[in-house]
Amino acid sequence: MQAYVYKSLRKPDTYLYLRKQDDFSMLPPAVREPLGELVFVLEFALTANRRLARADPAVVLANLQAHGFHLQFPPTVLDPMVDG
């Protein structure tokens with residue numbers, strides 16, 4: 001699956017992965033609004049075996065398939081998209 005990554009200019013070290021490029025329609029307003037302006041930074045082929053710097057690729061892939069997006073927060077912020 002192709003993944004499209006955007007950086008939040010309002011929230012440091014916060015990234016949004018999308019299943020479809022520039023398709024923010026599936027984001028609830030409560031998720032979208034706090035992110036502020038988003039800047040496209042990367043497109044890549046995501047597989048469950050691909051290494052990611054700060055995210056579990058299986059979790060990212062599952063969130064993209066189920067919700068159409070995945071949020072990656074700084075290491076000090078708990079990720080609400082992962083059951084803990």
Side-chain angles (χ1 to χ4, degrees):
M1 165 186 297
Q2 285 300 107
Y4 303 90
V5 184
Y6 298 80
K7 178 179 182 168
S8 169
L9 295 183
R10 184 181 295 164
K11 300 282 186 179
D13 295 322
T14 301
Y15 295 88
L16 172 69
Y17 293 68
L18 291 179
R19 182 173 53 202
K20 296 180 184 174
Q21 188 169 13
D22 298 330
D23 184 4
F24 303 101
S25 64
M26 80 289 298
L27 292 172
V31 172
R32 174 67 182 98
E33 291 170 9
L35 297 175
E37 184 178 351
L38 295 166
V39 176
F40 178 77
V41 293
L42 178 67
E43 173 187 355
F44 67 97
L46 177 63
T47 65
N49 298 326
R50 180 167 183 131
R51 290 195 52 153
L52 298 176
R54 291 192 341 221
D56 179 337
V59 172
V60 175
L61 193 56
N63 284 332
L64 289 175
Q65 291 171 338
H67 308 291
F69 70 95
H70 172 81
L71 284 173
Q72 178 180 301
F73 295 97
T76 57
V77 176
L78 295 178
D79 185 344
M81 295 188 75
V82 176
D83 292 332

Side-chain contact, heavy-atom cut-off 4.5 Å: Leu61 with Arg50? no

Only counting residues at least two apart or in another chain, list the ones meeting side-chain hydrogen bond (donor to acceptor under 3.5 Å, both in side chains) with Gln2. Glu43

List in chain and number order the residues that pass side-chain hydrogen bond (donor to acceptor under 3.5 Å, both in side chains) with Asp56, two or more places apart in sequence or in another chain; answer none if no residue qualifies. none

Report the residues that fulfil side chain to side chain contact (heavy atoms under 4.5 Å, CB included) with [X], sequence neighbours left out, ordered by chain and then residue number.
X     : result
Pro28 : Val31, Phe69
Pro57 : Leu46, Leu52
Arg54 : Asp13, Gln72, Pro75

Stepwise, does the side chain to side chain contact (heavy atoms under 4.5 Å, CB included) test hold for Leu38 with Arg32? CA-CA 9 Å; Leu38 295 166; Arg32 174 67 182 98; 3.6 Å; yes

Pairs satisfying ring-ring contact (aromatic ring centres under 6.0 Å, His included), at least one member in residues 19-63, at least two apart: Tyr6-Phe24, Tyr6-Phe40

Quick check: does any side chain N or O of Arg19 sit under 3.5 Å from a backbone N or O of Ala66, one acting as donor and the other as acceptor? no

Joining Ile, Leu, Val, Met, Phe, Trp and Tyr whenever any side-chain heavy atoms lie under 4.5 Å apart, the cluster holding Val39 also takes in Leu9

[Y] reachable from [X] in the ILVMFWY side-chain graph, under 4.5 Å edges:
X     : Y     : answer
Leu42 : Tyr17 : yes
Phe73 : Leu35 : yes
Val5  : Leu18 : no

For residues [X] and [Y], report the shortest heavy-atom separation together with the two atoms involved.
X     : Y     : answer
Val41 : Lys7  : CG1-CB, 3.9 Å
Pro74 : Pro12 : CG-O, 3.3 Å
Leu64 : His70 : CD2-N, 4.0 Å

